[in-house]
There are 2 protein chains.
Amino acid sequence: MAGSIPRATVARLPLYLLCLEGMSQAIVSSDQLASTAGVNSAKVRKDLSYLSPKGTRGVGYDVKELKQLIALKLGRMASSVVAIVGAGNLGQALAGFEGFSEHGFTVAALFDTDPAKVGNTVGGTRIYHLDELGSVVAGEAITIGMITTPEGPAQEVADKLAAAGVRSILNFAPAILKVPEGVEVRRVDLSTELQILSYYLNIEKDAAG
Amino acid sequence: MAGSIPRATVARLPLYLLCLEGMSQAIVSSDQLASTAGVNSAKVRKDLSYLSPKGTRGVGYDVKELKQLIALKLGRMASSVVAIVGAGNLGQALAGFEGFSEHGFTVAALFDTDPAKVGNTVGGTRIYHLDELGSVVAGEAITIGMITTPEGPAQEVADKLAAAGVRSILNFAPAILKVPEGVEVRRVDLSTELQILSYYLNIEKDAAG
DNA sequence: TAGATTGTTAATCGATTAACAATC
DNA sequence: TAGATTGTTAATCGATTAACAATC
């Protein structure tokens, strides 16, 4: 079963893909990939073994084959359609982010409640009113939702996304969302990241001082 | 020594803080905090025990006291000064992100190489030329750098930040950065997050179909 | 005292990695 | 065959959590 890949391994697959994309060679060894990715080579081999063995002993892995295999496992072959809720600075920035299309994601719609924004387009993507969420999600076959609203409306937006059938949410709002069973939420909290950085900055100072 | 707090615990402290900030009550039990944060209550108690015991048996934790204690441990009492390199959509969005100032971070400068942007201000923050990085970092006492450039120049920017004495980098570019010993990098890769989401989206479909 | 909840121990779990047989 | 590197085992490590004595 596909679900038997450990979460830690799944989280590293995009990293390996990123490393492979920057390589010009045809064959790569686990040692090379490991040092590029900054991890242990045994870990690389173990991680890749979940994909079904694709390396050649004594030689290494075929870069092109490996890229396809990882992309396939990540479900990237069938392009996913994304909606962004919250057409503020961050939402608009994400709507224009080229990295998404490079990895098989299409931003099909932005949503907001501001009448001054609704109806406009950002980089070719139309801004709809939040009330239209249900019909647009269905019409555009949207499977991933990104929440870029402030903290206040985040939970309500999550509820609407879940009700519309969206099962994957990437949450940029500084809020802990309650969602029904079966909905996967990943939180990307910029101040959390900064606070973690800040902690290590300070213990370094302590150690030095 | 401060560094003896496990990395997994450090990564959860901002989450607890976020949960506590949303609470109106004066006292909270590990059970309540755990269910709000979505983790096990034994984990909460263990995590908090690294801060030095602050709870009262039979009662719980004082919310206000706990907030201050976590903030203190995270080094947030002394506000950190941030530079953002790359004044594109994402960089400008981050420069205007209120969440930073709410958590004791000040964005002191943006950097870019585009002559059309240099000299402008975004939400009160000035855009400098990348060549001025060294002097501005020193002058503004910048300790954290955020890289919001495309993949191409990301490594060069990291080199310049490290050379300027910045020891904490938050990297939004889809690139694996090589940095000197002692520099902490956290990568925030939006397509990585989407790919992980996409994986779980697909195994769910497999299980259902 | 009786009830509640912490702080901590010890068992468990899962992830990491050294080591090496398999094999190209 | 000799050299290299995979795939996998088994040991190790660190994080999680059930359980409970301590104690408010």
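Here the structure is a predicted model, which means the values were calculated and not measured. In what follows, every chain begins at residue 1, and chains take the letters A, B, ... in the order their sequences are listed.
Atom pair I27(B):CD1 and dT6(C):P shows a separation of 10 Å (rounding to whole Å applied). Whole-Å rounding puts the E65(B) CD to dT6(C) P distance at 14 Å. If you take CG of L33(A) and P of dG7(D), they are 12 Å apart, rounded to a whole angstrom. In this entry the distance linking OH of Y50(A) with C1' of dT8(D) reads 11 Å, nearest Å.
In this structure, the side chain of N171(B) engages the main chain of A175(B) through a donor-acceptor pair within 3.5 Å. Put simply, the side chain of T148(A) gets close to the backbone of G86(A): a donor and an acceptor are under 3.5 Å apart. Between the side chain of T9(A) and the backbone N or O of D47(A) there is no donor-acceptor pair closer than 3.5 Å. No donor-acceptor pair closer than 3.5 Å links the side chain of E151(A) to the backbone N or O of A173(A). A distance-only check finds a donor-acceptor pair linking the side chain of S29(B) to the backbone of Q32(B) [under 3.5 Å].
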Wobble G-U and Watson-Crick pairs count when both distances are under 3.5 Å; given that, what is the 5' to 3' dot-bracket string of DNA chain C, with | for pairing to other strands?
..||||||||||||||||||||||
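Within the structure, every side-chain polar atom (N or O) of R7(B) is placed at least 4.0 Å from both OP1 and OP2 of dC13(D). Remark: Y61(A) is in phosphate contact with dG7(D), judged by side-chain N or O atoms under 4.0 Å from OP1 or OP2. Look at S30(A) and you'll find a side-chain N or O under 4.0 angstrom from OP1 or OP2 of dT6(D).
Only R45(B), K46(B), listed by number, bring a heavy atom of residues 40-48 of chain B to less than 4.0 angstrom from any atom of DNA chain C.
Residues G134(A) and A164(A) share a closest heavy-atom pair of CA-CB, 4.2 Å.
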Would you list the protein and nucleotides 21-24 of chain C atom pairs, both N or O, that sit under 3.5 Å from each other?
from, atom 1, to, atom 2, distance (Å)
dA22(C), N3, R57(A), NH1, 2.9
dC24(C), O4', R57(A), O, 3.2
dC24(C), O2, R57(A), O, 3.4

Evaluate the side-chain hydrogen bond (donor to acceptor under 3.5 Å, both in side chains) criterion for residues D189(B) and S191(B): first the C-alpha distance (whole Å), next the side-chain angles of each, then the deciding distance (0.1 Å), finally the verdict.
CA-CA 6 Å; D189(B) 185 341; S191(B) 9; 3.3 Å; yes
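If you check dT6(D), dT8(D), dA15(D) against the side chain of P6(B), the one that comes closest is dA15(D).
Note on K64(B) versus D62(B): no salt bridge recorded, every NZ/NE/NH1/NH2 to OD/OE distance being 4.0 Å or above. Using a 4.0 Å cut-off between a side-chain N of Lys or Arg and a carboxylate O of Asp or Glu, R7(B) and E184(B) qualify as a salt bridge.
A side-chain contact (heavy atoms from CB on, under 4.5 Å) with V166(B) is found for one member of V82(B), I144(B), L133(B), V137(B) and no other, namely V137(B). Each of K43(B), K46(B), R45(B) was compared with S30(B) under the side-chain hydrogen bond (donor to acceptor under 3.5 Å, both in side chains) criterion, and only R45(B) meets it.
Ranked by how close their nearest DNA chain C nucleotide is to the 5' end, D31(B) and R12(A) are led by D31(B).
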